[in-house]
Amino acid sequence: MKGSNADIADLLHSVATSITLSKGNFFEIRAYNNAADAIEHSTTEVRDLWQEGKLAEVPGLGKSIQAHLDEYFKTGGVKHFETLLSKHPKVIYELIKVPGIGPKTALELADLGVKSFDDLGKKLDNGDLVKKGFSEKIAEKIKSGFLEHSNRDNRMLLPYAQAQADKILEYLKKGPGVKNADPLGSLRRQVATIGDLDFAASSDEQEKVYEYFHKLPGVATVKDKQTVVLASGVHVDLLVGKPESYGALLQHFTGGKNHNIKLRTNALKKGLSLNEEGVRKINRKGERVELVPTKTEEDFYKLLGMDMPAPEMREDAGEIEAALEHKLPDLIELKDMKGDLHLHSNFPIEHPSHGPGIDSIADIVKKAQELGYEYVGISDHPPAHRTETKEGIIEWIEKRTKVIQEIKAKTKSTRVLNALEIDILTDGTLSVPDEALKTLDYCIAGIHSGHRSGSGDITKRILRALESPYVDIISHPSGRLINERESYEADWEKIFEYAGKNKKIMEINSFPNRLDLRDDLVRMALKYRVKFVIDTDAHQVSEMGNMRYGVSVARRGWATKKDVLNTWEWKEFAEWFEVT
DNA sequence: GCCGTTTTCGGCCCGACTGTTTTCAGTCG
C-alpha cells in the first residue's frame, strides 16, 4: 500500500540525498534523515496520525515536514519534493539503499551510466565500472554491499543465531582473565533476524583473550584481530575491554543506533559527552575532560540520571523518556512462564489439515513437567474440513478428548488442557462446528490459507473469527514467515481494539521463523489493553525450548507479566478460560 | 529543518574504517 511508514521514510531519505547532492544545509539533511528514521520506527501508521491531526507527536516532524506530509496524504505527492528529486538522476534513490553506497557514490555511478539496481549488478559482474575508471577496491566494496543488499532477506533467524551465540559465550567466559562476556548489537537486543554475531568481553589480558578467541571451535578463518569467520560463513566479532569501563563498552555497542544518538544528544545538554569508555564532562571551553569510566551499564545510565532500559527496549521508542522519569515497565521474563498452550502431537489422524507433531501427547506432557509448567495445552490441527465429514471431525475430536482426559487423570503436577488450533476459512468461518468447539477447554484459531487476500479481507476474516464465542486465541496473527512472507496488511488497530474490548487473546508465537505477533504490533496491541499468550507452536518436544524467543518478542514489545496470560497463576488463568 | 529547566536563536552524537587523503571525504553503526 502506498503511503506506508516505510514508503514515507524512503521518500524523506531520498529528499535528504537530493539536498546532499545539491550541497544544501548539512543540518537540513540531517533533519530529513531524522524524520525518516522516526517514521520508520514509529509504532503507529503515520497516515493514521495524520488523519487524527497528531503528526506533531512524531519527534523530528516540525512545521515544514508536517505541511509536506499533509500535501502527500491529500494529493499523493509533494510538489516541493518532486522538484528536489528531479535535480538528480532517479536511479540514485535506489542505489543509496545498497550498504556502502551513499549519495556521492550513487551519483558517480549514475554518471557512469548505471540505470537501475539490476544494472549495477550486471556492471559489477562484467567489470564495466573498473573499465570506466572506478577504483578496484571501491568496486569490490560496492559488490559486497550489493550482495548483502540482495541477500538481506537471508539474515539469520534469532534462534539460530542465539544457539550459536550461547556456545561462543560459554567458550569466551573461560578465556584468560575474562570477567564478563556478553552479546552485543542486534543479538543482545534480540532482534528477530541477526547479521553478524558480536560479543564483548572484559579482561586485563586483552591480547591473550584475542589469541584465545582465534582458537574458537568452528573457526574457518581469522579475518583480523577482532573478527573470525566460522565454517558456516557467519562472522563473529569480539571486543575486549577493561573491566573498569566494561559497562560503557557494552552500552555503546549494544545500541540501537537511534537509542545511542538520543542518549548522547540528551547528555550533551547536561554537559556530558558519551563514548565507549565512559562519561566525560565538558568544561566551559567546550573541551572534554574528566573521563568517568563505568564498570556496569547501570552505572552508565545512572550518571545520566536515568534507569537502565533492558537491551530489548533500546530502539528509541520512548524508553529514554520513560527511563528518565523512572517509569520503565517491569518486563516479562522467561522464568515467569507457567505453561505452553500451543503444541502439536502425533495423535493419529486420517485426513490431516496441516502437519501434525511427531511426539505423543504423553511425551509433551512429560516435557512440560520437566520445564516446571503448571499447565500445558495440547492443540492439534483437526481433520481437514474439505476431506473429512462434519461427523468425522466431531468423532475424531471426541476420541482425542478421551485420550487427553486419561493422561490428565494420571498427571499430578501439571494440568493438561484440551484444545485445538482450527482454521479461519477464507470467509472468516471456522473449520470445526460449534458443537465440537464447545467441548474444548479453549480454542486457538489461525489463518492457514488464502494469505494473499487484501487488507480488508484479512481484517474481516479475523474479526469474524473473533466474533465466535468459542475462539479465545488468534495464533501467529500477522502471518509472517521471516525471509519468506511479509505480515498481512490488515487493519491491526481495528483488530486489537476489538480484541481488547472482548477478551480475545493474541498469540506471540515463538516458532523461529514466525516470532509473530511482531514486537511493534505487540506494542500497538498493548495500547488497546490486549492480552497475550506466548506459545512455542512446537511440533516436537525439543522445540518446546523455544519459549525464550517469544518472551524476547514480548519484551521488545514492552509487555509485562500481567499482559501475558500464561504467566498467570492457575486460579486466575482458569477463571479467564472458565476451565476447572 | 528541528528544537528548547541554561537558548524562539544558534546550536545540532561519536568515533572508526577505508581509500590514496599528505589532513580529508564518504560511509557506517
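Everything quoted here is computed from the prediction, not taken from an experiment. Just so we're on the same page: letters track the sequence lines, and every chain starts at 1.
Counting only heavy atoms from C-beta on, Tyr32(A) has its side chain closest to dG1(B) among dG15(B), dG1(B), dC28(B). Closest to the Ala31(A) side chain, of the nucleotides dC2(B), dC28(B), dT27(B), is dC2(B). Considering only the side chain of Leu268(A), dC14(B) comes nearest among dT27(B), dG19(B), dC14(B). Checking dC14(B), dG1(B), dT27(B) against the side-chain heavy atoms of Ile65(A) singles out dG1(B) as nearest. Nearest nucleotide to the Lys257(A) side chain, out of dG26(B), dG15(B), dG29(B): dG29(B). Listed nucleotides dT27(B), dG29(B), dG19(B) differ in distance to Ile138(A); the shortest reach to its side chain belongs to dG19(B). The side chain of Pro103(A) lies closest to dT27(B) when the candidates are dT27(B), dC12(B), dG15(B). Taking the side chain of Ser64(A) as heavy atoms from C-beta on, and the options dG1(B), dG19(B), dC14(B), the nearest nucleotide is dG1(B).
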Step by step, work out the ring-ring contact (aromatic ring centres under 6.0 Å, His included) result for His88(A) and Tyr93(A).
-> CA-CA 9 Å; His88(A) 308 286; Tyr93(A) 308 116; 7.3 Å; no
Assess the residue pair His68(A) and Phe81(A) against the criterion (ring-ring contact (aromatic ring centres under 6.0 Å, His included)); give the C-alpha distance rounded to whole Å, side-chain angles, the decisive distance to 0.1 Å, and a yes or no. CA-CA 8 Å; His68(A) 291 317; Phe81(A) 289 174; 4.8 Å; yes
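In this structure, the side chain of Gln66(A) engages the main chain of Leu61(A) through a donor-acceptor pair within 3.5 Å. No donor-acceptor pair closer than 3.5 Å links the side chain of Arg514(A) to the backbone N or O of Ile482(A).
Nucleotide dG29(B) forms a pair with dC14(B), judged by Watson-Crick or G-U wobble geometry with both contacts under 3.5 Å.
Using a 4.0 Å cut-off, no side-chain N or O of Thr265(A) falls inside it from OP1 or OP2 of dC12(B). Between Arg280(A) and dG15(B) there is a side-chain polar atom (N or O) within less than 4.0 angstrom of OP1 or OP2. Applying the 4.0 Å criterion to OP1 and OP2 of dG15(B), one finds that Asn275(A) has a side-chain N or O inside that range.
For the side chain to side chain contact (heavy atoms under 4.5 Å, CB included) criterion with Leu197(A), the lone passing option out of Asp237(A), Leu169(A), Leu187(A), Val228(A) is Leu187(A). Of the candidates Arg188(A), Arg189(A), His259(A), Thr254(A) forms a side-chain hydrogen bond (donor to acceptor under 3.5 Å, both in side chains) with just one, namely Arg188(A).
Atom P of dC17(B) sits at a distance of 25 Å from the matching atom of dC12(B), rounded to the whole Å. Taking atom P on both nucleotides, dT23(B) is separated from dC28(B) by 25 Å, rounded to a whole Å. Nucleotides dC9(B) and dC14(B) place their C1' atoms 25 Å apart, quoted to the nearest Å. dC2(B) and dT6(B) have their P atoms separated by 23 Å, given to the nearest Å. Spacing between dG1(B) and dT8(B) at atom C1', rounded to whole Å, works out to 15 Å. Spacing of C1' atoms, dG26(B) relative to dT21(B), comes out at 11 Å, to the nearest Å.
Across the protein-nucleic acid pair, Lys63(A) atom NZ and dT8(B) atom P stand 16 Å apart, rounded to whole Å. Rounded to an integer number of Å, the gap from Leu324(A) CG to dT5(B) P is 12 Å. A straight line from CZ of Phe26(A) to P of dG26(B) spans 11 Å, rounded to a whole angstrom. Taking atom CG of residue Leu55(A) and atom C1' of nucleotide dG1(B), one finds them 15 Å apart after rounding to whole Å. The distance between atom CG of Asn258(A) and atom P of dG29(B), rounded to the nearest whole Å, is 12 Å. Between Leu187(A) atom CG and dG29(B) atom P the separation is 16 Å, expressed in whole Å. Counting to the nearest Å, the C1' atom of dC28(B) and the NZ atom of Lys104(A) are 15 Å from each other. Remark: C1' of dC2(B) and CG of Leu69(A) are 14 Å apart, rounded to the nearest angstrom.
Across all strands, Gly102(A) comes closer than 4.0 Å only to sugar-phosphate atoms, never to a base (heavy-atom distances). Residue Asn25(A) is in base contact, counting any heavy-atom pair closer than 4.0 Å across all strands shown. Within the nucleic acid shown, Lys269(A) comes within 4.0 Å of at least one base atom, counting heavy atoms only. Across all strands, Ile29(A) comes closer than 4.0 Å to no nucleic acid atom at all (heavy-atom distances).
Remark on DNA chain B: of its neighbouring residues Thr105(A) and Lys270(A), the 5'-side contact belongs to Lys270(A), judged by nearest-heavy-atom nucleotide. Residues Gly62(A) and Ser135(A) both approach DNA chain B. Their nearest nucleotides, taken by heavy-atom distance, put Gly62(A) toward the 5′ side.
A salt bridge does not link Lys262(A) with Glu319(A): none of the charged nitrogens is closer than 4.0 Å to a carboxylate oxygen.
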